[in-house]
Peer 1: 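Encoded as C-alpha cells, here's the structure I'll be asking about.
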Amino acid sequence: MRLVNNLYAYVWQGNDNNCNSYLIANTLKSNRHLLIDPGHITTPFYREPGLAELVREMETDGIDARQIGLIILTHSHPDHCEAARLIRDQNGAMVALNKAEEGIYKKLRGEVDVYLEEGDLVLGEENQLTLSILHSPGHSPGHITIYWPEQKVLIAGDVIFYQSTGRVDLPGGNAKALKQSIQRVSELDIEYLLCGHPYGHPGIIKGEEAARQNFDFVKRNVFPYL
Ligand SMILES: [Zn+2]
C-alpha cells in the first residue's frame, strides 16, 4: 500500500506474530528499492509464508522484489530480520544494521554489509534521499529508528506501537533506555508514525495530531509500568 510519495507500507495480515515492512521505491542506484524490516520467511507457529506474502503484496503495487538493493534492519529479532538473509542471497541486496545487533543476527546466519551509526544516511544518485538514523535502544541494545525529514516519516520498529511500546524483558532490554528513546523521537516533527507491528491497530499512525496523542498516551499510561 502506497502511503506517501514513494513510500509503501506492508502491514502484516496473518495470525502469527510478524512485523510490518516498509519500502522506499526506486530510491537507490539503478532504481533499486530500500526495504526496512522484511520479517519472517515463515512464521514460527502457524507456518505462514511471511516473505512470499510480502513479495506478493509488493507485486500488486507494481514493485519487483528482485529490485531490492538495500535492507535496513531496525534490530535483529527474527520477526524483523529473518527474511533478509534470503533476499540478500537471491538479489544481492545489502543488509544494514547497528553493530550492537550483529551478534544475534549472525546467530541467525545473517551477514552484514553496512553498519549504521547515529547520523545521516544519504542514498541514491540523481534523486538523493537523506534519512536520519537514530540510535533508539531499550527494546534491544542496537535498535535504530529511521526518520525521513522531508516527508516527516518515522519508522519506529519496536520502540513504540499504537498505545503500547516494545518489550523490555527480552535479552538486552532496558526500560529506562526505552523511555529515553521514546521521549527523543516524540520531539520530532512526525506526519507518519510507522510502527513495527500491527498490535490491535495497523500500526500506521497518520497525522501530526494522532502521532502526538499516541506519544502522550504511552507516556501517561504505559511509562509508569515499564
Ligand atoms: Zn523486536
Side-chain angles (χ1 to χ4, degrees), residues 9-23 35-46 48 50-51 53-54 71-88 95-112 115-116 118 133-147 153-186 193-205 214-215 218 222-223 225-226:
Y10 297 99
V11 173
W12 173 242
Q13 311 280 352
N15 298 307
D16 215 342
N17 179 58
N18 198 12
C19 73
N20 289 343
S21 301
Y22 299 98
L23 182 130
L35 177 65
I36 294 147
D37 285 356
H40 274 299
I41 301 170
T42 307
T43 66
F45 299 109
Y46 303 133
E48 293 170 319
L51 178 59
E53 183 55 25
L54 174 63
I71 301 165
I72 294 182
L73 301 173
T74 58
H75 64 300
S76 59
H77 290 159
D79 54 342
H80 290 253
C81 75
E82 187 192 40
R85 169 170 51 85
L86 201 57
I87 300 170
R88 183 181 185 273
V95 172
L97 86 180
N98 184 269
K99 186 135 180 83
E101 296 292 307
E102 184 182 30
I104 309 177
Y105 189 58
K106 286 201 164 160
K107 280 188 193 148
L108 300 164
R109 292 183 288 136
E111 288 177 64
V112 183
Y115 293 110
L116 291 175
E118 169 92 21
I133 304 297
L134 302 164
H135 182 217
S136 303
H139 174 69
S140 69
H143 193 296
I144 55 166
T145 51
I146 300 143
Y147 183 58
V153 167
L154 181 74
I155 296 171
D158 283 1
V159 167
I160 186 163
F161 306 121
Y162 178 71
Q163 297 192 349
S164 69
T165 72
R167 290 170 62 173
V168 292
D169 59 330
L170 298 169
N174 182 311
K176 187 166 174 241
L178 185 68
K179 287 183 195 177
Q180 285 170 348
S181 293
I182 291 171
Q183 178 57 42
R184 184 173 179 222
V185 296
S186 76
L193 175 56
L194 306 181
C195 308
H197 290 278
Y199 292 153
H201 180 279
I204 292 172
I205 300 170
N214 194 59
F215 283 117
V218 163
V222 184
F223 273 24
Y225 301 99
L226 277 178

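Both counts, for ligands and for their atoms, begin at 1 and track the order of listing.
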Peer 1: Can you tell if the side chain of Pro38 reaches within under 4.5 Å of the side chain of Leu73, non-hydrogen atoms only?
Peer 2: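 A side-chain contact under 4.5 Å exists here.
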Peer 1: Please say which of Ile144, Asn98, Leu97, Asp37 ends up in a side chain to side chain contact (heavy atoms under 4.5 Å, CB included) with Ile72.
Peer 2: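 Testing Ile72 for a side chain to side chain contact (heavy atoms under 4.5 Å, CB included) against Ile144, Asn98, Leu97, Asp37 leaves exactly one candidate, Ile144.
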Peer 1: Distance-only, no hydrogens or angles: does the Asp16 side chain make a donor-acceptor pair with backbone N or O of Phe45 under 3.5 Å?
Peer 2: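 Yes, Asp16 side chain to Phe45 backbone: donor-acceptor pair under 3.5 Å.
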Peer 1: Quick one, Ser76 and Glu102 - any side-chain contact, counting heavy atoms below 4.5 Å?
Peer 2: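 With C-beta onward as the side chain, the pair stays apart.
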Peer 1: Can a donor-acceptor pair be found between the side chains of Asp158 and His143 at a distance below 3.5 Å?
Peer 2: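 No, His143 and Asp158 have no side-chain donor paired with an acceptor closer than 3.5 Å.
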Peer 1: Starting from the Zn ion (ligand 1), count all protein N, O or S atoms within a radius below 2.8 Å.
Peer 2: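 Step by step: take the Zn ion (ligand 1), keep protein N, O, S below 2.8 Å, and you get 4.
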Peer 1: I'd like to know if Arg184 and Glu118 make a salt bridge, using a cut-off of under 4.0 Å between side-chain N and carboxylate O.
Peer 2: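 Here Arg184 pairs with Glu118 in a salt bridge, since their nearest N and O are under 4.0 Å apart.
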